[in-house]
Structure formats: C-alpha cells, structure tokens
Amino acid sequence: MDAITPNGANDDIGLDTRLELFRKQVEIRDFEKRAYDLFLQNLVKGTSHLSLGQEAIAAGMATAMQPGDLSFCTYRGHAHTLARGVSMEKVLGELMQRDNGLMRGKGGSMHLTSAEHGVMGSYAIIGAHLPIACGSAWRAQYLGQPDVSVCFFGDGTTNIGAFHEAVNFAAVWKLPVVFVCENNLYMEYTPIADVIPIEHPAADRASAYGLERIIVDGNDADAVFREALKAYAKARAGQGPSLIECLTYRHSGHSRADPAKYRPEGELERWMERDPIKIYRQRLVDFGVDGETIKAIEQASKKKVEAATETCKAAPPPPVEILTSDVYADGGWAWRN
Amino acid sequence: MDAITPNGANDDIGLDTRLELFRKQVEIRDFEKRAYDLFLQNLVKGTSHLSLGQEAIAAGMATAMQPGDLSFCTYRGHAHTLARGVSMEKVLGELMQRDNGLMRGKGGSMHLTSAEHGVMGSYAIIGAHLPIACGSAWRAQYLGQPDVSVCFFGDGTTNIGAFHEAVNFAAVWKLPVVFVCENNLYMEYTPIADVIPIEHPAADRASAYGLERIIVDGNDADAVFREALKAYAKARAGQGPSLIECLTYRHSGHSRADPAKYRPEGELERWMERDPIKIYRQRLVDFGVDGETIKAIEQASKKKVEAATETCKAAPPPPVEILTSDVYADGGWAWRN
Amino acid sequence: MAELTYRDAVARGIAQEMERDERVVFLGEDVGKPGGVFKATVGLYEKFGPKRVRDTPISEQAILGAAMGAAMTGLRPIAEIMFSDFLAVCFDYIANEFPKSRYMTNGQLGCPLVVRTGNGAGSRFGAQHSQSVENWAMMIPGLKVVAPSSPADVVGLMAAAVRDPDPVIMFEHKSLYATKGEVPDGEILDTLGKAKVLREGKDATIVALALMVPRALEAAERLKAEQGIDCEVIDVRSLVPLDTQTILGSVGKTGRLFTVEENPRLCGWGAEIASIVADEAFYDLDGPVVRITTPHIPLPAADNLEDIVLPTPGRIVEKITRSMN
Amino acid sequence: MAELTYRDAVARGIAQEMERDERVVFLGEDVGKPGGVFKATVGLYEKFGPKRVRDTPISEQAILGAAMGAAMTGLRPIAEIMFSDFLAVCFDYIANEFPKSRYMTNGQLGCPLVVRTGNGAGSRFGAQHSQSVENWAMMIPGLKVVAPSSPADVVGLMAAAVRDPDPVIMFEHKSLYATKGEVPDGEILDTLGKAKVLREGKDATIVALALMVPRALEAAERLKAEQGIDCEVIDVRSLVPLDTQTILGSVGKTGRLFTVEENPRLCGWGAEIASIVADEAFYDLDGPVVRITTPHIPLPAADNLEDIVLPTPGRIVEKITRSMN
Ligand SMILES: Cc1ncc(C[n+]2csc(CCOP(=O)(O)OP(=O)(O)O)c2C)c(N)n1
Ligand SMILES: Cc1ncc(C[n+]2csc(CCOP(=O)(O)OP(=O)(O)O)c2C)c(N)n1
Ligand SMILES: [Mg+2]
Ligand SMILES: [Mg+2]
C-alpha cells in the first residue's frame, strides 16, 4: 500500500471506495428525482417515499457491507435497495407497478425486496422489522455465519414498542445486528422534537440497552462508512449490536402526497447547504479527483436512469394470473380442499 | 408541631403515619398468607399472585396518596387494593369467586378494581396499564384536577413495548403519572438479570425519557413513602411523571402454581433478613413505640382476616344471572336486535 | 343541506361533538397541525386548539391506552389510528382492554371512546396499508363497530359513537374520502345498530358495507336492467349492534341472501350474517346463501391487480345472476 | 404405544422435530430452564441446551419478530406465546408480517415457523387469560391454523407444522393439557388440512374443535341414547387448510350441520363453516344450520359462571334436540 496522501485520497477509506460512495449517492439522487417526476406524470402508482437528502446514509452503510450481509428497510427503502446493487430498472418497475418490477408489482414501493442482493424486505408497519432483523442475526449467530443484519428506520420509529423490545433483545442475546436510525427531524409531518423529551431519539436511549451512544453526521458518507465498518466488525466479532443515529434531513415531503409546508422558513435552505452530494463532490475535488472522473459518474448515472425509465415505460403490467400466486409455499393460495 | 424527637418518631413522617404504614403492611401480610392457605384448601380459585415480601411498597405508595389519587395495578394487585382501604372481605370474596367479591367473581383475582377507592383496575396483560394510567393523568391535566395516577408493575414489564411507549408519552406530555417498578428480581420463573443488558430495569432507562434515575429500598416503607411524596408533589405541580424503581423480593412463588425452585440456595433466607415487616417493626421499637401498640395492630389484623374468611366462606357464589350483565353500559350484552 | 365530501364529513362530525361537549378530545399521529394524513381532520386544531387536538408520537399503544384511561375517568376521547392495518400494533386495547373492563369490573368502569381509522383498499398501497379489517373488531365481545358509506352517515354515526357510553370502532373507508353526498344542516345524530334499506327489491337481498355499498347499488341497477332481477340493497352500517331484524325481514321477503364484503373471505362479517340467516331464516330461503368477498389473499399493490381483487359491480352481477338461475 | 398427557405430547412433538433437524429452535418466556408455565416443555432445555431452547424477555413482539427473521433466513423456529390472549400484543406479526411477506415479495421470502400458544377456558383465569381465539388467526390470509384435541394429534400436527414451509399457528387447549391418550411409538407425522370423523352417524353432523371435541362426542352418545338421534362427529383439527370435503361430504349424508365452538359467537370458525355449507350444500340441508358457541361476552372468572359459559354436553344435546324436532 502506498503511504497515505496528504489530501486523504488514500487514507483509511481510499479513492476507489470514495468513488463508489459518490456513485451510489448520485445514482440514488437521480433515481429519486426521476421517481418524483414519474409520479407527477402518474406513472409511479400508489405512494412513494423518497430519500432525497439522505443518500449518504444508504451509500455509506451499504458500501461498508460485505456480500451476504442483510438489509432490512422501511417503506423509505428505494435508496437502500439501490445501494445494495439492485438494478434501477427493477426498483422503478416496482414503483411503476409493472411486470418487470422487483416483485412484479405485487408488493409496491413500500416493500422492496431482493433476497439475492441481501435486501430482506422493506416493511411498512413502523418498527416491525427491528425484531425481524434480530431474528436474522440470531440465525447467523446460531449457525456461526459471519453476516451482519442491518436495520434502517427513522427517528419517529424510536417511540414505538417494537423498537424497545428489539434493541433490548439484541443486546441481551448479543446479536450481530446494527440498528441505523436515520434522524431526518420529522416523522410524517410532525417534528420529532415535539414527541420526545430528549434531544436524540436513538442515541439518547442507547444506554437504556447498555449500548454506546453513537451519533454520526448522516450527510457525510465517509463518516457513515467509518461508523458502519466499526459496527459491522463489532457484530462479526460476537460483541453484539450497535445503535447508530445518523443526523440528516429529507429534502422532499414525507411521501408523494406531502408538499412539506410544515417546515419552518429557511430550514430546507440551510440543509441544502449541507447536501450530502454537494459535500461529497467537493470532497472528491479536494482529494484531487479530476472533473472528468466526476462528470463521467454523473453522466453514467443519468444514462442509467434514462434507460431504466424507458424500459419500465415499455414494460407491461403484471399478468392477472399472479394475483393469487405465492400466498403459500406451494405457489398457490388454497386455504381449503 | 413539636420538635423532632431524637429517635425520629416525630420527624418528617411522624408517628401516626408510621403506625399506619405498619398496620397496612401487617394486614397485607396476614391477608396474603391466608389467601395462600385458602388456596391450598381449594377455596381460592383460579390463579393468585401474592405480594409477600413486597408489602412496604404497597403501604408506602398508598399511604402517601391523597383521596382521589388513582391506582393502576397488575394481577399482583391484592396488596395495592388493600392498601387503598378496600375491605379484606371484598378482596377475599373475589379471590374465592363469591358473590360478595369486589366484582362479584366476574373479574377474579387478577382484575381487582374498586373505583370508589381509586383502584382503577388491575390488568393482567403485561404493560397494558401503563398507557391507561397516562390517559387518566391526561384527564387530570386536561380538566385541571389535582389527582395523581399511580401505576404499579414489575421488573419484567420494563421489556415490553407498552412500557416504552407509555413512559415516553407521559414525559412528552408532562403528565401527572407516577410509574412504580417493583423490582423483585424475577419475572415468572426467570431472573430479570437474564433478560436485560443493564442492572436496573427501570432506573437505568429513566434517562431515555429525560427522567431522573430513582432507586429506592422497596423493603423500607419509610423510604418508599418519602419517594412517593416527592413524586406525587412533582406530578401535582405540573412537572411531569416519575419512574421509581423499588428493590424488593417476593417471598413466595410467582403464582399459586409455583414452588419457586429456581431460586439459588440462600437467596430467600438473605432476603428474609430484610423482611419489610421485620424491619418496620424494629423501627417502631427503635422509635419507642410500646409493644402493646404494636401487638394491638397485629391482633386487629388477624381478627380482620379471620372475620373476612368467615364471611367469605359463608358467602354464596355469584348468581348465574350476572353471567351476561354489564357487557355494555345498558347493563346487558345485546349485540343484535 | 350542503354537499360535502366524506373526508370533510369526518371533521364536521368531530367538530360538532367537540363543540357540544368539552370532554371530547382528539388525539393521533399528525392529526392536529397537519390535519391528518388523509386531510380528514383539517381545521380542528385551529378551531379547538392544542389542548383538545393533540399530535402524538408514533405509539399506537400509548394512543389507545391513553384514550382508554381518559375515557374511564371522565373524558370522551376520539383516537385516530391512521390506517386500520395498524390496529395490529395496538390490538391488545381493541381485544383485551376496551371491551372487557366494564364486564370484569362488574360495571364499575366504562370505556366511552371512539377509535376512528382509515380502512380498505383502492389506493395501490399494498398488503399492509389496504386491508378491510372490520371483522377484527366485530369478533371481539364488548365493542361496537360502525362503517359508514356516505358523508351524512359519517357525521351522524360519529355523533352517535361519541355519545355512546361504550367503546366504538369506526371504520372510515379511504376510497370513499373523496366521494360527495348531501349532508343536512345543523346537528346530526344517527343511531348505532340501524341498517338502511337503500333500494327495495323483491327477488334477492344484497347486504353490503362501506365501499361495497355503491358497488352493490350499481350491481342492483344492472341486474334489474339486464336480467330483470330485482334486488333489495341493505347498507349494514353498524356491525355491532347488528340490525338483524332488517336483514332477516328482507330475506323473509326475497328468499335469497347475497353479502358483498371487502374483507378477505374467512370469518368476515358476511359469514356471520350468512350464518344467522342460514339458521334463523332457513325456511325462508329459496336458494344458497352466497358471500361475495375479496379472495382470501394478501392484497396486491399493482393497480390492475387491485382493481380486480375486490368485489366489483361486474363480479356481483355475475355471481348473483349465476346463483339465481 | 404409550399413554401420554396432552401436555407431555407437546414436549415430545417438539423434541422429535428438534432431534430430526438442527435448524429447529425454540424460544419463549420461561420455556427453557423452567419448562414452561404449563409444564408443557419440560426437559427440552436439558436435552437440547441453551442454544436451542431459549428463554426470552417479556417481549412478545421481539419473540415473534425474531422467529420470523430466523425463519426467513434459514432456521425453523418454534415460538411460544404463553396464553393465546397475548397474541394481541404481538398481533402485527400474526396479521401483517408472517402471512404477507411471501406474497408481497413475489415468493422471494418464506416464513416457515410455528407459533404455539395456550388457548381456551376452564382454569378460572378470567377474561384476559381464557379466550379461544382461533379465529384471530383463521381470518388472516396466508396463515395455517391447527388446534389438536388429543395427545397423538398434538405430536403429529406439531411435526407437520414444523415441517411445513408456511407459518402455522398451533392452538393448544389449556384445559386439555392434563388429559391423556394413546400415542404411537416412534416418529409421528400427521398432515395439515385433514379433519377426522370421530364418530359416524346418519342424522346430523357435529363439527367441533379442541376442548369441544370430547364434549361433542359425549353429546352424541347422549343424543343417541336418549333421543335416538345419530350424530356424526367431526374434529376439524385444522382450520387452515380447511377440510371442507369431509365436512360437506358428511352434511351431504346427514342433511344437518351443528358447529360446536368455544370462541365467542361473532365471526368464529363456526360462522365460516356454516356459511360454506349454507352455500355449497344448501340443497343437501334438511334444516337450519346451527352454531353452538360461547355467548358473545367476555369470560367470567368465577367457577360456576365459567362452567356454564362454554358449550357443555348438556347444552349441545338440548340445542340439537330442539332443532331436530
Ligand atoms: C405502526 C405504524 N404507525 C404509523 C404509520 C404511518 N407512518 C408511516 S411513515 C411514518 C413516519 C415515520 O417517521 P420516521 O420513523 O421518522 O421515518 P421517516 O419517514 O422520517 O423516514 C408514519 C407515522 C405506520 N406505517 N406504521
Ligand atoms: C403480554 C404478557 N406476556 C406475558 C404474560 C405472562 N406473565 C404474567 S406475570 C409475568 C411476569 C411478570 O414479571 P414482572 O413484571 O417482574 O412482575 P412480577 O410478577 O414479578 O410482579 C408474565 C411473563 C402476561 N400476563 N402478559
Ligand atoms: Mg423521520
Ligand atoms: Mg418481577
């Protein structure tokens, strides 16, 4: 290995990984914007929950994972699904409820799942997946498998019972699970500060489970990446779970229906200055990455989005025969003889 | 007021209150022993959960209450119900499932309720009553009423979702509710230490809700009484909830079916030395209370238990007509016309 | 008389009751300042202030538990559970606490509260945000359960629910929020436990609820026009108390019963009504009792699949035609 | 062949499957070292050790969620929910998670697990510890649901449930734990979805489940002896999949259906079966379809009240006699 360069391009993270982190963030950003446009054109159906502004968390957490590590996401799961390498086409197809979607339109945008990529489901009942991630981690522990189960959720989720039960359970059983709270300051439309008596919904509760208090700048992919590596290593070493609070902000409304009028004047603008992609692009520049390399990533991303859009627009809706398939493991839905 | 006597008999608590604290503890003790005997004779039906060894908590918390304050109890609720002044006869009648019982045998030992005494129910689903106590406290806050809602539960209850939701809710809304965790070291048969990653199931979590860490010697009625007064005053002053962890030990098994074989050798014996009634009897002696006064209380208690037993033995079972009464507010059960 | 959306009728019904009775308070997630995620409670916060209209943490157990504790000690709370699917995270209150406390305490405690919740499919939200779960409440002894199909019923049943001394679960249908209907001016107070005959007919009785009511009516018109089958259409409105008299009376006249329900097939309210009729009106029946339901599967998200999964007017027409011939 | 209690059959069934398959693990409150509060899992901890038999905190959501996550990624967990009433505190997993994940993911994920739970009345425990709640599971699409009535069925259906690739909820009846029955030696593997005709008869069909099975049998004997009414008695055993063929076949023969169920009246499994029969076997029926159930009320604690609240052999005899005359 070369010596670490003064600008840090070859530090603990290194240039290749940094380009990967950048690429992922850019792709998520472009994808989410396109999803929004397609929603306005009525081509994205149902609801959708964008991660605009929160890309650094998805990128940092996923890039630090190893193949075989498992992600457990929420309805706000496009970013985490893409970050694990699932194709834009499959995710967009699901948002557009086409036959080429990840689940052929049966699940919809809130339930993105790609088992082959380790995306073990997206869950739309607040808190439900924290215990489920514990179970996955228990399996790894029981079978002596090295994978980590990583569970993403929002600030508002820390107030539901399942959060409490899961984090305690994981801590007592020393499970290889990493809980990642994306604190974007809001639940749907209500500020998290209105409904907790502490400042940090996750970190200020870590000690209740004998865990370390961890707060990370969620708009800095490097910071997220470093914290992720630490937590995954701890999990793999049999030292139990971590609870990581990432501070961030969502640029758009909660879901497609929400213009986010409840935000105080200037708040969005302040956070736009801390836009994770702007920050990261600048970091690459500071590290001496040339403009061409950056531009190539950006252009490749746009192309991918374009291609995925075209494919999905051309894709048919799911055939009606799948309406009743896969209720049970035999492929069907028979509840009687 | 007189000056405080050197032995403390006339200190912040005072002699009258101390005699009251002693009387309550003795009565609960005698009652619970009798309940156990009657269970062995098959006269106490269903299940029953004794508070032997935990009397100081019920006595201390209830004696510090004002009329109008409301108690929310669990299946282990005989002690708290008696401590609010409900007659032994009515409680025992319910345990024996007789017509003279508090709820005429319809609820059973796990659901003791005496609204006129402020005992707003005993709840047998772990954790369920913590949110309910919040609601009662919300009513007081909303209507500007001065009463405090006091909610009792065990160490094991701190791991269920409803605990988390309720304590957070109470803290955010600054509700006049006092949560009292009776840490008797065991859930049903499993030690609490096996299922939490911290030492104190309630106190070590108080900070997660922005609350003070409070641990009290649950076998010392004076200590409980003082802490209760503080918490109730805080609640009445609009300063929000408290979470109090009382350290104690149950002398008997979890419920009638449990011989408590899982306890390590010598543990019970060590705790018997710290028996709350022994402690308190000695305290009265130290304070110069004469043996006659003490004996009178003890004998009166025995008499009460005897009388209650006789009355209940003679009482008829509930008439079958009440089987379908009081499902709805109209007194009946009609779900159709 | 004014035309109102079902959505606005919710706010109107709540406002009417809050104006009438200071003890009526309202809590839920995003219900106050934001006016609710379905915009069904817009204006209440402004009108009644933060003391009576309260946003909560995402803590459904705390919401329902708090409502119960308040109800039991003197208030008349209305609690929102945003989507009825979420009743599963606070089901202990629905199943074990609200409905049992009066009985267990031999009448010492009551639980006069209303839980209102967005029920049903049609928004392409997928399996965890689209269910019809009226039967989750209907099956529990001690609850009352209503599900209005029109704006006027929303206001009237809301008022009846709030004034009722027992716990009432009110299922509002998400796909009806945008629909409109005439609503009389002034105070409206309906009665729990009364079904409504919306269309008279002599050949068959169709019993429907919520979103299935307009579909049943449309099917009835088509059955009459296309097949000459004259159906009576009953909007159940209240599952508990259940107006069995109206239903049994109608079947006594028509000799046939068809239930049209959105919830999945097994153990739905349709099964309950079908069973009552198969017992008590057996000798009135001229043919099989037929339930038309959503198939017993989780719900798909995709629009084309969701459009065919619920009973449609076409499917109702087809099933009834086939069974009547 | 040995005589075994229903209680011991639980431990035997679990042990059989744990011995067969390393992936089978077992978790719940007080299930390990203490052997379960009903003593139904005594010996498993000693036999399989703390890695496979695990005591948990009082966290039912964590228990079921963990079972699901483990099932989805390769284990075959058995989770205990001590009393079936407590399914209400973890109902999200029962209603929204277990049964929907395979469908929503288009078959990518499975949920091969068993939840076993103590169900039913008879112990004078009162309204929150005595319920029969099979219908809470039966009504949810995507689950399988069994409720054995004999020790042999406990072992065989447990094995079938553990080996089944779908989520199975197994209701053990608390009042049957002490009952005894012959259980064959060696491995026992039953089949989900098969009802059993326990008594042949020609005049009427009685369908029963769990604790109601012995009562139905007793009633049938009395009906024969006292009234000359010859009843066929079917133990449903498996609510999902439901063996409608056996039931419809029997009604085709007898022309009458009586269901005997312990759960409260509304929307129970009896309503489902009655409705199926009233539709598909209508022209076979010679008289009303009658459900004999616990009344639709919370359960009382007092022994004399509890003794009369559930269907008794006497009540079954009376209802059937009245209806057959
Ligand atoms: C049990 C439950 N309650 C409520 C909801 C509705 N809901 C969906 S997202 C959301 C806000 C979640 O906030 P947070 O956890 O901060 O995540 P974010 O959406 O900000 O990523 C709510 C209340 C739900 N899906 N499940
Ligand atoms: C939701 C729920 N889960 C489990 C139980 C069974 N149960 C009854 S008491 C108990 C132990 C409670 O322990 P703790 O909170 O310490 O109270 P203690 O009995 O020691 O007073 C359990 C698990 C229950 N009643 N409700
Ligand atoms: Mg958030
Ligand atoms: Mg305890």
Asker: Any side-chain heavy atom of D:F91 within less than 4.5 Å of one from C:W136?
Answerer: yes
Asker: Can you tell which part of D:Y283 gets under 4.5 Å to a heavy atom of chain C, answering side chain, backbone, both or neither?
Answerer: side chain
Asker: Taking all heavy atoms of D:D279 and all of C:P288, pick out the closest pair and write down the distance.
Answerer: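 Of all heavy-atom pairs spanning D:D279 and C:P288, the closest is O-CB, 3.3 Å.
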Asker: What residue, out of C:P300, C:P264, C:G126, has the most heavy-atom pairs lying under 4.5 Å from chain D?
Answerer: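 With the most close heavy-atom pairs to chain D, the winner is C:P300.
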Asker: Could you tell me which non-hydrogen atom of D:H296 sits nearest to which non-hydrogen atom of C:M139, and how far apart they are?
Answerer: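 Minimum heavy-atom separation between D:H296 and C:M139: CE1-O, 3.3 Å.
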Asker: Should D:R291 and C:E272 count as side-chain neighbours, where that means a heavy-atom distance under 4.5 Å?
Answerer: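 Side-chain contact under 4.5 Å: yes.
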Asker: Do C:F282 and D:V289 come within less than 4.5 Å of each other through their side chains, counting heavy atoms only?
Answerer: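 When only atoms from C-beta onward are counted, D:V289 and C:F282 do not touch, as no gap falls below 4.5 Å.
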Asker: Considering only heavy atoms, which portion of D:L299 lies under 4.5 Å from any heavy atom of chain C: side chain, backbone, both, or neither?
Answerer: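 D:L299 touches chain C through backbone heavy atoms alone.
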Asker: Side chain, backbone, both or neither: which part of D:V133 has an atom under 4.5 Å from a heavy atom of chain C?
Answerer: neither
Asker: For the residue pair C:K100 and D:Q131, establish whether any side-chain heavy-atom pair is separated by less than 4.5 Å.
Answerer: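 C:K100 reaches D:Q131 side chain to side chain.
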Asker: Just give me the residue among C:A301, C:G287, C:P99, C:S323 that pairs up with chain D most often, heavy atom to heavy atom, under 4.5 Å.
Answerer: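 Among the listed options, the one with the most contacts to chain D is C:G287.
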Asker: Tell me the closest heavy-atom pair linking C:C267 and D:N135, and the distance in Å.
Answerer: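 Of all heavy-atom pairs spanning C:C267 and D:N135, the closest is SG-CB, 4.3 Å.
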Asker: Counting heavy-atom pairs closer than 4.5 Å to chain C, which one of D:I140, D:I276, D:I94, D:T259 comes out on top?
Answerer: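 If we count pairs closer than 4.5 Å to chain C, D:I140 comes out on top.
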Asker: Could you look at C:L285 and say if it's the side chain, the backbone, both or neither that has a heavy atom under 4.5 Å from chain D?
Answerer: both
Asker: With a 4.5 angstrom heavy-atom cut-off, is it the side chain or the backbone of D:M104 that approaches chain C, or both, or neither?
Answerer: side chain
Asker: Less than 4.5 Å to any heavy atom of chain C: does that hold for the side chain of D:D286, its backbone, both, or neither?
Answerer: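 The backbone, not the side chain.
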Asker: For the interface with chain C, which of D:A271, D:C90, D:G270, D:A95 has the highest count of heavy-atom pairs at distances below 4.5 Å?
Answerer: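 The answer is D:A271.
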Asker: Are any side-chain N or O atoms of C:N96 and backbone N or O atoms of D:D85, one a donor and one an acceptor, separated by less than 3.5 Å?
Answerer: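 A pair under 3.5 Å: yes.
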Asker: Just give me the residue among C:G142, C:A274, C:A281, C:A127 that pairs up with chain D most often, heavy atom to heavy atom, under 4.5 Å.
Answerer: C:A127
Asker: Could you look at D:Q61 and say if it's the side chain, the backbone, both or neither that has a heavy atom under 4.5 Å from chain C?
Answerer: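 Interface part for D:Q61: side chain.
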Asker: Identify which of C:V89, C:N263, C:L266, C:L257 forms the greatest number of heavy-atom pairs closer than 4.5 Å to chain D.
Answerer: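 Top option by heavy-atom pairs under 4.5 Å: C:L266.
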